[in-house]
Amino acid sequence: MDINEKNIKKWSTVGARPTFGLALMDLAEEQENLMVLTADVSTSAGLDRYRKKWPDKYLDVGIAEQNMMAVATGLAKEGFSVVTTTFAPFQTMRCLEQIRVNQGYMQIPLVIVGLASGIYHCYLGNTHCCIEDVSIMRAIPNVSVMVPADGLSVVKIVKSAVDSEKTIYIRLTGGSNLPIIYHEDCEFYLGGSNMIQKGERVAILANGTMVNQALEAAKLLELIKIKPTIIDMYSVKPLDEERLDSLSGYELIVTIEEHSTVGGLGAAVAEYLIQKKNAPQMLMLGIRDFFPHASEYTDALEICGLQPGQIRDVIEEKLKEGKNESY
Amino acid sequence: MEKVNFEEIERFAYKMRRHALRMSYAAGAHAVHFGAGMSMIDILAVLYGKVLRYDVLQPEWENRDRFILSKGHGVIGYYAALAEAGFIPESELDMFEHGDTYLMGHPIYNPQHGIEFTNGSLGMGLGLGVGTALAGKRRGQTYRTYVIVGDGEMDEGAVWEAIMSAPQFQLNNLCLIVDRNHFQLGGETKEIMEHHNLKEKLISFGWNVFEIDGHNYEEIYEAAVSVGEGEAPTAIIANTMKGKGFSFSENNNGWHHAVLTAKQYEQALQELENAYGH
């Protein structure tokens, strides 16, 4: 899979899930031991072509996520390089204890891919949304969490995860026509982050779909002479602590995530910064501990306060507040 | 069928019970899952004594048969088998549940000592066995995978997901052994969650099913070596007695998890000598 302008455009047009399928098609060519497991979601995961081309490197376990994770662990322990996938709530919560024991405690590595996470599927109801996966997965020792922001980052993160021989949960967000964040090749690694835009006073840390929301909010902030720094925190666990240390001179650090504010990216950043002397003030934006009810994604984002204008408003307000505070 | 010296298996089981008692006594105030360990000792004696292919000097030999203890709380039976087979030095059994030991109260993945997987949270082992057996099939390897599940453990839904999947993946290299000791933590399985027609259930899921006396070496052996003869995975319902081997613990669910006193330890050793020591 060449990384060029045409492919980058294609991946973002088709969205994260079909791009994931394309990345696996490519990996299967290179990896003799690759095995991809799904729980009856080959179409949803962009894997229909894959399962036809690589029947020996594919296994559908039926709608049985606990068994999928156990079977995957057995295969991985015997030397297969295993990727599992289904919709994010089922991939992380239905089989959570299997992941805890087999990947966390026993440390048998798997690449675990949660599909359609966040609130993109709000029209299906919250059974098919997932606003807790980052929080839950990062609580398990020996399990890492990565959240790609566009098509190129899906390709790069999936490939690096398979090569890593570690357990990494990859959270896919958004639908088709993902805005392109990376127009050319870029490095992605566990514990890394990427500076998307350099500004001052405010540093916005986001991942997944929220990187683009941050860019859109930044355009609005620039109208009032605030140019924020924007960082893609695609690795939530481990966090890029060096990057966080470099932000000590900012007035405000803003985290934005299409995830609950309980235990997600914002919480992870706060857990680190709270231990630092004179760390900047933080503003944590995300879904504030409720199940949003809306049938359109844009409306759901609005309900959660995650549209660019809303993000601009709270940042502006927070900066004003900060100036008035005496402590 | 190969002529098997069942006296050797009896001797193996006798020594395993001595090892299991030693660990039970060593556990002291931590207490020990006594009954569930003792109920499956005869099954493990047949497996480790005569059925499983393994090499203690090459514990990760790729063609070894894989054994998975899904009912991880039966661990004194498992460690006893591994000790008698030579994977665990006998002197280390006294470290059971103490200090910086690898011999915890539930098994922890430790290939050098022959422990294939971490288990303890019930319901997880058979799915691991399905994956292990499937890996062998996809690679054309000849090893077999044996998994012991408790009858109480079969309340867990994940066990049935795995039972459903093994025939689907044509895993005739997989053997499920149900240690059916008729008890679980809170009482008799028939009181808490009865598994009606277990044999018929497993047959209807597509397994080749044996129902045997889980303390009869010959019956255990014949069922265990039949793995791979047909197209279907093998299930062995082994009817056993919880706490088997000692007058105070047989069918006494008070010994599910209990402290073995010095006096009881002496009594148990004496009963063992009377029954097997010859």
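Chain letters run A, B, ... following the sequence lines, proteins first and then strands; every chain starts at 1.
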Exercise. Just wondering, more than 12 heavy atoms not from B:Glu231 lying within 6.0 Å of its CD?
Worked result: no

Exercise. Is there a donor-acceptor pair under 3.5 Å between the side chain of B:Glu161 and the backbone N or O of A:Asn67?
Worked result: yes

Problem set entry | Which portion of B:Glu116 sits near chain A, non-hydrogen atoms under 4.5 angstrom | both

Exercise. What part of A:Phe80 gets closer than 4.5 Å to chain B, counting heavy atoms only: side chain, backbone, both or neither?
Worked result: both

Exercise. Within the distance-only criterion (no hydrogens, no angle test), does the side chain of B:Arg138 pair as donor or acceptor with the backbone N or O of A:Leu75 below 3.5 angstrom?
Worked result: no

For this session: Determine whether B:Phe117 and A:Asn102 make a side-chain contact, defined as any pair of heavy atoms from C-beta on separated by less than 4.5 Å.
Result: no

Exercise. Counting a contact as any heavy-atom pair under 4.5 Å apart, which residues of residues 29-45 of chain A contact chain B?
Worked result: A:Asn33, A:Met35

For this session: Please identify each residue that fulfils salt bridge (charged side-chain N to carboxylate O under 4.0 Å, His left out) with B:Glu84, with sequence neighbours left out.
Result: B:Lys15

Problem set entry | chain B contact via A:Gln107 - side chain, backbone, both or neither, heavy atoms under 4.5 Å | neither

For this session: Work out which heavy atom in B:Met124 is nearest to a heavy atom in A:Ala70; give both atom names and the distance.
Result: O-CB, 4.2 Å

For this session: Please indicate whether A:Arg100 has more than 12 foreign heavy atoms, meaning atoms of other residues, nucleotides or ligands, lying under 6.0 Å from its CZ.
Result: no

For this session: Check the surroundings of atom NE2 in B:His98: do more than 12 heavy atoms from other residues, nucleotides or ligands lie under 6.0 Å from it?
Result: yes

For this session: Calculate, to the nearest 0.5 Å, the distance between atoms CE and CG belonging to A:Met106 and B:Asn119 respectively.
Result: 6.5 Å

Exercise. Using a heavy-atom distance cut-off of less than 4.5 Å, which residues of residues 53-70 of chain B contact chain A?
Worked result: B:Arg64, B:Arg66

Exercise. Can you list the steps and then say if A:Gln66 with B:Glu156 is a side chain to side chain contact (heavy atoms under 4.5 Å, CB included)?
Worked result: CA-CA 11 Å; A:Gln66 295 181 73; B:Glu156 289 280 2; 5.6 Å; no

Exercise. Does atom CD of B:Gln141 have more than 12 heavy-atom neighbours from other groups under 6.0 Å away?
Worked result: yes

Exercise. Between A:Ile63, A:Val82, A:Val61, A:Leu59, which residue shows the highest count of heavy-atom pairs closer than 4.5 Å to chain B?
Worked result: A:Leu59

For this session: Measure B:Ile108 against the heavy atoms of chain A and call it side chain, backbone, both or neither at under 4.5 Å.
Result: side chain

Exercise. In this structure, are over 12 heavy atoms from other groups packed under 6.0 Å from B:Arg139 atom CZ?
Worked result: yes

For this session: Evaluate whether atom NZ of B:Lys201 has more than 12 neighbouring non-hydrogen atoms of other residues, nucleotides or ligands under 6.0 angstrom away.
Result: yes

Problem set entry | ring pair (Phe, Tyr, Trp, His ring centres under 6.0 Å): pairs with one or both residues in residues 142-164 of chain B, sequence neighbours excluded | B:Trp160-B:Phe205

Exercise. What do you reckon, is CE of B:Met193 surrounded by more than 12 foreign heavy atoms closer than 6.0 Å?
Worked result: no

Exercise. Counting only heavy atoms not in B:Gln170, do more than 12 fall under 6.0 Å of its CD?
Worked result: no

